[in-house]
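This is a predicted model, so every value here is computed, not measured.
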Amino acid sequence: MQTLTIYNSLTNKKEIFKPLKEGYVGMYVCGPTVYSNVHLGNVRTFMSFDMIYRYFLHLGYKVRYVRNITDAGHLTDDSDEDKISTKARLEKLEPMEIVQRYTVDFHQILQKFNLIPPSIEPTATGHIVEQIEAIKTILENGLAYEVNGSVYFDVLKYNETENYGILSKRKIEDAIENTRVLEGQSDKKNPQDFALWKKAEPKHIQRWDSPWGIGFPGWHLECTVMSTKYLGEQFDIHGGGMDLKFPHHECEIAQSQACNHVAPVKYWMHGNMLTMNGKKMSKSTGNNILPNEIFTGDNKNISKAYTASVVRFFMMQAHYRSILDFSDDAILASEKGYNRLMEAVNLINNLKPSSSSSIDIKKWKQQCYDAMNDDFNTPILIANLFEGVKFINLINDGKESLTIEDLNKFKTTIDTFVYDVLGLENNADGADNSNKLGGVVEILLQLRKEARENKDWALSDRIRDELIALGIQLKDGKEGTTFSVG
RNA sequence: GGCGUCAUGGCCGAGUGGCUAGGCUGGGCUCUGCAAAAGCUCCCACAGCGGUUCGAAUCCGCUUGACGCCUCCA
């Protein structure tokens, strides 16, 4: 098995990946709060971890991948109302109607981007009982307190024996000095304390009974409870967006320690933000683009529509830990690169084997693995794949050669990384009408060929130019004319 | 204000103490009726100022700038 290194946010270093149990990987990724449509920035994080999931699977690990749906308890501010309920009141819908609508949207969008569904996708509302049990345990361990029907985690007390700030590298002393004083926090002993259970006011729609009265769980708790339930008190990888590092993931660590007295996660992984116009995409600021707007081209930031595969390729061209800026120029360039890659991938089936190989395929293949083994470096992988594109074109031109064994190895490796690991899809052979279209174009190519034999350049050029206007690119080669649909 | 990350060629984006990133764009050549495609090739960058070093864009310090977190956020 390949030696894989992963950048661990807990230590800020690349570390060799060693699973807790040989051959198995437990991975938890914070999912969306389903109160509105997922925007492209949300998608990036899930796509990054999908790539990581895919690579583990390819390496032969048995992976249990858990990604939650937050459908309750996500506090917006100190108004005692959570996001789901606020939206529900606004639209006069049942909370679960909102949850259902945006959960379906989330699944549909991710499917379009060819993300593999996780092994388990638990919901917060489905784990209220477990959350209440966890609160009881934390109370028993003396690290939480009850005030007016709410329960808060006692951060200062926890920090006496443990390190609150171990992940985010914050010092609690600094936090105390710099925390803004907000209204309505009088229930808390300290501003740093966070809610485990919040009392529900009568106007609050989502509510559950508990030993502390009617209320709803705090946001941080669900991930602790669900990751523990499905992956154990300790598991290999916890992922999420960079913006969740503090306070969410810091709180998760504290809660797990308070319950189970062990560090829950071996490798913390954080995907970086997608920006647009240099600023983070986010729902609240409106600086975002929705996937459906990209598929239709209906957004002022883009000049045309782009397919999900092109967007996926665009994102894979950047490292998951780097900020990536979305722009029309950038994605336009990616689209061209994607098309070039896919044309070569299609061409590989036509290559003829030779009696000897002029290219070291084994070395090239290992370079692909080396890239992925270095903290999932997809940009380097793609650079190597373009090296492969060059090989394909040269072999096709008869300038390089591969034996049948090498050719098969080459083809398998290309397919593995392009389809299985990067999760790209080949739009050309995915279209139902491609066969019919191909037949029609073949007729035109025949006509053009006859025109050219008669030196009727006016006609042959007209056929070529009108086809290209429709996005059909002709390529004249020694053995006839081929075409590609752009 | 506090903490942190990053500053790479026309654009997007990797990476490394001395050796090619890659994609897109632009120039040249081969091929072609002319093109396109493909191949070859050119433009060879690393914010600024100091320091360490035989050697730094890569390590250290300072300056400037951008972004992220500190409040819900992938």
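Annotation: of the two residues near RNA chain B, A:G41 and A:Y320, the 5′-most nearest-nucleotide partner is A:Y320.
With sequence neighbours excluded, the residues satisfying ring-ring contact (aromatic ring centres under 6.0 Å, His included) with A:Y65 are A:Y53. Partners of A:D193 according to the salt bridge (Lys or Arg N to Asp or Glu O under 4.0 Å) rule, which considers only residues two or more places apart in sequence or in another chain, do not exist here. Shown here are the salt bridge (Lys or Arg N to Asp or Glu O under 4.0 Å) partners of A:K280, two or more places apart in sequence or in another chain: A:D243. Listed by chain and number, the residues in a side chain to side chain donor-acceptor pair (under 3.5 Å) with A:W197 are A:S210 (sequence neighbours excluded). Evaluation of the side chain to side chain donor-acceptor pair (under 3.5 Å) rule for A:R44 yields no partner, not counting sequence neighbours. For A:E121, the side chain to side chain donor-acceptor pair (under 3.5 Å) test picks out A:R67, A:H107, with sequence neighbours left out. Take A:S401 and apply the side chain to side chain donor-acceptor pair (under 3.5 Å) test, not counting sequence neighbours, and it matches no residue. Every residue meeting the side-chain contact (heavy atoms from CB on, under 4.5 Å) condition with A:T11, not counting sequence neighbours, appears here in chain and number order: A:N8, A:K13, A:E15.
For B:C40, the paired nucleotide is B:G28, the pair qualifying as Watson-Crick or G-U wobble because both relevant distances are below 3.5 Å. Both distances falling under 3.5 Å, in either a Watson-Crick or a G-U wobble arrangement, occur for no nucleotide opposite B:G33. Across all strands shown, B:C72 remains unpaired; no Watson-Crick or G-U wobble contact has both distances below 3.5 Å. For B:C19, there is no paired base (Watson-Crick or G-U wobble, both distances below 3.5 Å). Pair assignment for B:A7: B:U64, on the basis of Watson-Crick or G-U wobble contacts that are both within less than 3.5 Å. If you check B:G55 for Watson-Crick or wobble pairing at under 3.5 angstrom, you find it has no partner at all.
Checked against B:C34, B:C69, B:A74, the side chain of A:F246 finds its nearest nucleotide in B:C69. For A:H319, taking side-chain heavy atoms from C-beta onward, the closest of the listed nucleotides B:G22, B:G15, B:C34 is B:G15. When the nucleotides B:A14, B:U25, B:G33 are ranked by their closest atom to the side chain of A:S322, B:A14 comes out on top. Set against B:A74, B:C67, B:U25, the side chain of A:K279 has B:C67 as its closest nucleotide.
Across residues 323-331 of chain A, A:I323, A:L324, A:D325, A:A330 each have a non-hydrogen atom less than 4.0 Å from an atom of RNA chain B (numbered order). Residues from residues 365-381 of chain A placing a heavy atom under 4.0 Å of any atom in RNA chain B, listed by number, are A:N377, A:P379, A:I380. RNA chain B is contacted by no residue of residues 286-293 of chain A, taking any non-hydrogen atom closer than 4.0 Å.
In this structure, A:I382 places its CD1 atom 12 Å from C1' of B:C12, rounding to the nearest Å. Look at CG on A:D397: it is 10 Å from C1' on B:A37, rounded to the nearest Å. The distance between atom CE of A:M316 and atom P of B:C24, rounded to the nearest whole Å, is 19 Å. In this structure, A:F386 places its CZ atom 11 Å from P of B:G22, rounding to the nearest Å. In this structure, A:F106 places its CZ atom 9 Å from C1' of B:A74, rounding to the nearest Å. Between A:D243 atom CG and B:G68 atom P the separation is 10 Å, expressed in whole Å. Remark: P of B:A37 and CZ of A:R464 are 11 Å apart, rounded to the nearest angstrom.
Listed pair A:K283 / B:A74 meets the phosphate criterion, a side-chain N or O lying under 4.0 Å from OP1 or OP2. Of the side-chain N and O atoms in A:R67, none sit less than 4.0 angstrom from OP1 or OP2 of B:A74. Between A:R340 and B:G23 there is a side-chain N or O to OP1 or OP2 distance below 4.0 Å. The side chain of A:K245 places no N or O atom within less than 4.0 Å of a non-bridging phosphate oxygen (OP1 or OP2) of B:A74. One finds a side-chain N or O of A:K336 lying less than 4.0 angstrom from the OP1 or OP2 phosphate oxygen of B:U25.
B:G33 has A:W457 stacked on its base ring, the centres lying under 5.5 angstrom apart and the planes within 30 degrees of parallel.
The cationic group of A:R170 lies under 6.0 Å from the six-membered ring centre of A:F246 and within 45° of the ring axis, placing it in a cation-pi geometry. Cation-pi geometry between A:K304 and A:Y306 is met: under 6.0 angstrom from the ring centre, within 45 degrees of the axis.
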Table of protein N/O atoms under 3.5 Å from nucleotides 40-43 of chain B N/O atoms:
unit_1: B:C40; atom_1: OP1; unit_2: A:K390; atom_2: NZ; d: 3.4

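No donor-acceptor contact under 3.5 Å links the side chain of A:N393 to the base of B:A37.
Inter-residue side-chain proximity for A:N377 and A:M372 is flagged as unmet; no heavy-atom pair is nearer than 4.5 Å.
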